[in-house]
Amino acid sequence: MHLPVFLDDPRRLRRLLSSSSSAAAARTLARLHALLIVSSSATHTLISSLAAAYARAGDLAAAESTLTATAAASSSIAAWNAIIAAHSRRGSPASALRVFRALPPAARPDSTTFTLALSACARIGDIRGGESVRDRAFDAGYKDDVFVCSSLLHLYARWGAMCDAVKVFDRMPRRDRVTWSTMVAGFVSAGLPLEAIQMYRRMREDGVKGDEVVMIGVIQACTAARNVRMGASVHGHLLRHGMRMDVVTATSLVDMYAKNGLLDVACRVFGLMVHRNDVSWSAMISGFAQNGQSDEALRLFRNMQASGIQPDSGALVSALLACSNIGFLKLGRSVHGFILRRFEFSCILGTAAIDMYSKCGSLASAQMLFNMISDRDLILWNAMIACCGAHGRGQDALTLFQEMNETGMRPDHATFASLLSALSHSGLVEEGKLWFDRMVNDFKITPAEKHYVCLVDLLARSGLVEEAGDLLTSMKAEPTVAIWVALLSGCLNNKKLELGESIADSILELQPDDVGVLALVSNLYAATKKWDKVRQVRKLMKDSGSKKMPGCSYIEICGTRHTFVMEDQSHPQREEIVSKVAKLDLEMRKMGYIPRTEFVYHDLEEEVKEQQLSYHSERLAIAFGLLNTGPGTRLVIIKNLRVCGDCHDAIKYISKITDREIVVRDAKRFHHFKDGACSCRDYW
DNA sequence: CTAGGGTTAG
């Protein structure tokens, strides 16, 4: 048989075996393989090079069988490493581990093998498995190997076991930048940004130069520690040292600036990026959405698609968040549709969508979506329970909570916060008390401030003010403003004025700057006719009230969103809206409505104050809704600030007069008005 | 043939 000459030319053979990795290469290798066998010139070295070449070319099955079929199997660890590495690159750490574990007993794994195996364990989160790899590696004499130790470090750091990571780290005789960057990233993901920054400092003291990857960790640490100064100096450091500003680095800078409120800087960095991918867009979109600039976020979302980049789940989540901020139900629905066509509904997307429906006032859609997702995680359950609560369905929230327990899912502090709040808003006092107790005693969850607020609120609303007061004394920590406020509003509603007054004093001592809180305090003093104190509080209100951003309300009609602010004279239907407001005012007064001018914090004539109340953005939005929808249509209004006590009263009258169901979501919670009542009861 | 990196939910 005629053999190609190159079988006798080792140089050429080696070149062929290390050539590029493509399907064509794999076919060439198969031919070569056949020739080697036919010509019986297959040495162990050649076979293992061939196997490695198969692995590089992507034919892992061929690589493996080539090796296992021969005696070369036990002597060629490099070829096995190539196979394991190829599995890892392909994104199947489990296969990598399978090959590692099935290595022939005589094969001696080296540093590379152990490093690959540990990295595979880190990806799937198998700490136990990783530790047995570690034992073998240490036995084989790799105790001080930087690669082995760094990957072990990563295994711990990645899964939150920072104590173990630190132990490994402290024992390492030599550390390189990868070691340090693993520690930095580990502390960041463990929620310990200050420790991460500390690590970076130690690295510099050690004389190790950071690269992009370390700096990304440091940038993230600055983001989490809300340290823009340092973040900006890291940014400067990158530029000065001519480090590669790749997509990932630039994206983390965008995120750092955006999360710290410097949206303009974030935009500039984003604008300077030569190459942007889906994640960079997501970071920018979420930056806007989380800073209350939802319209801008959605504009960017459209730009992203227009520039040909398919939104990933991050961008979709942020778009949904923006929709829920401004109550843009129609766009939220279309995002939902987009997800259905192109993605699986992951829990994270599902949670965002459920939250969007909840905040846009569509309980039914939220429930439908929730029922469609069968693989539910804790956060998804929590979101749905919170949704029921927000919509005044305390009993449904409880049923859901019990259903959740039956599936074996363990509720956490957030679950109980949602549950207790739901029970409180539905007036389910006994259930609330019961589940607070069970939370503490059965579920061993230490109550946090929010849980106390819910329980105090629950008790105080139903007039059990004394019992709520006892709860406060039983608390270990001093009551906070929020807790006092819950108790105080209960006192006011249940005419427990004496107790109320002492609570009002306690609140003032804590120097709150929330106008809503001060309004409540002022109302209490007014009820006890302490006029000098009323004046004192009203002055505080005026001081803090002047700083607040303008109130703004949204209403969506037939898929179009309309925005209202008090000062805006430009609305095309302004005249009509104003006369509708005036007409309603007249009817309301006939039914007993008295304007509560104490909610106007400017020094104005009484009459002007009354007019200001009528022009609050939510009243304008409601009037617009009444003008543009048929009778019986439910109105959903989203307000960026709190609905004041006066508007709250007014809307009750409006819902009765017009026989409409009106839902107002404000910065605090939902208010459902129907037949002149509000299910979010007893607002002050 | 080997280790470390960005966004997103209650």
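Here is the naming used below: chain letters follow the sequence lines, and residue numbers restart at 1 for every chain.
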If you take all heavy atoms of Ala266(A) and Val254(A), which pair is closest and at what distance?
-> CB-O, 3.6 Å
Against the side chain of Val279(A), the closest entry in dC1(B), dG6(B), dA9(B) is dG6(B)
OP1 or OP2 of dA3(B) under 4.0 Å from side-chain N/O of His154(A) | no
Which part of the nucleic acid, if any, lies within contact of Arg158(A), taking any heavy atom under 4.0 Å across all strands shown: a base, the sugar-phosphate backbone alone, or nothing?
-> nothing
Distance, rounded to the nearest Å, where Phe301(A) contributes CZ and dT7(B) contributes C1' = 14 Å
Looking across every strand, which nucleic acid part, if any, lies under 4.0 Å from Ser111(A) by heavy atom: base, sugar-phosphate, or nothing?
-> base
Could you tell me whether Thr249(A) contacts a base, only the sugar-phosphate backbone, or nothing, with contacts defined as non-hydrogen atoms closer than 4.0 Å?
-> base
Whole-Å distance separating the CZ atom of Phe343(A) from the P atom of dT8(B) | 16 Å
Distance-only donor-acceptor test (3.5 Å): side chain Ser286(A), base dT7(B) = no
Here the gap from Ser324(A) atom OG to Leu329(A) atom CG, rounded to the nearest 0.5 Å, amounts to 11.0 Å
Is any side-chain nitrogen or oxygen of Lys259(A) closer than 4.0 Å to OP1 or OP2 of dT8(B)?
-> yes
Touch class at under 4.0 angstrom, heavy-atom based, for Asp377(A) against every strand present = base
Which part of the nucleic acid, if any, lies within contact of Ala85(A), taking any heavy atom under 4.0 Å across all strands shown: a base, the sugar-phosphate backbone alone, or nothing?
-> sugar-phosphate
Mind calculating the distance between CD (Gln310(A)) and P (dT8(B)) to the nearest angstrom?
-> 21 Å
Under-4.0 Å side-chain N/O to phosphate OP1/OP2 contact, Arg177(A) with dA3(B) = no
Please check if the distance between the ring centroids of Trp80(A) and Phe100(A) is under 6.0 Å.
-> no
Which nucleotide in the list dG10(B), dG5(B), dT8(B) gets nearest to the side chain of Asp246(A)?
-> dG5(B)
With the side chain of Val213(A) defined as its heavy atoms from C-beta on, choose the nearest nucleotide among dG5(B), dT2(B), dG6(B).
-> dG5(B)
Under the 3.5 Å rule, do the base of dG6(B) and the side chain of Ser252(A) count as making a donor-acceptor pair?
-> no
dG6(B) phosphate, OP1 or OP2: any side-chain N/O from Gln220(A) under 4.0 angstrom?
-> yes
Among the nucleotides dT2(B), dT8(B), dG6(B), whichever has the atom closest to the side chain of Val248(A) is dG6(B)
Assign Ser282(A) to base, sugar-phosphate, or nothing according to its heavy-atom contacts below 4.0 angstrom with the strands shown.
-> base
Scan side-chain atoms only and decide if Asp355(A) and Ser358(A) contain a donor-acceptor pair under the 3.5 Å cut-off.
-> no
Rounded to the nearest angstrom, tell me the gap between atom CD1 in Ile309(A) and atom C1' in dT8(B).
-> 17 Å
Name the nucleic acid region contacted by Val247(A), choosing base, sugar-phosphate or nothing; use a 4.0 angstrom heavy-atom cut-off, strictly under.
-> base
Ala185(A) has a side chain; which of dA9(B), dG5(B), dC1(B) sits nearest to it?
-> dG5(B)
Going by the angle between their ring planes, with limits at 30° and 60°, are Tyr257(A) and His235(A) parallel, tilted or perpendicular?
-> tilted
For Phe343(A) and Ser313(A), work out which heavy atoms get closest and say how close.
-> CE2-N, 4.2 Å
Have a look at Ile348(A) and say if it touches a base, only the backbone sugar-phosphate, or nothing, with a 4.0 Å heavy-atom cut-off.
-> base
To the nearest Å, give me how far apart CE (Met245(A)) and C1' (dG5(B)) are.
-> 14 Å
How many Å lie between OH on Tyr357(A) and C1' on dG10(B), as a whole number?
-> 18 Å
Closest to the Asp211(A) side chain, choosing from dG4(B), dA3(B), dT7(B) = dG4(B)
Minimum side-chain heavy-atom gap Val208(A)-Arg175(A) below 4.5 Å | no
Donor-acceptor pair (no angle test) under 3.5 Å: Thr251(A) side chain, dG6(B) base = yes
How would you label the contact of Val254(A) with the nucleic acid (heavy atoms, under 4.0 Å): base, sugar-phosphate, or nothing?
-> nothing
Euclidean distance, atom CG of residue Leu321(A) to atom C1' of dG10(B) [Å, nearest integer] = 12 Å
Atom NZ of Lys209(A) and atom P of dG4(B) are separated, to the nearest Å, by 24 Å
Kindly say if Gln290(A) contacts the phosphate of dT7(B), meaning a side-chain N or O under 4.0 Å from OP1 or OP2.
-> no
Ser313(A), nearest nucleotide to its side chain (from dG5(B), dT8(B), dT7(B)) = dT8(B)
If you look at every strand shown and take non-hydrogen atoms under 4.0 Å, does Thr113(A) touch a base, only sugar-phosphate, or nothing?
-> nothing
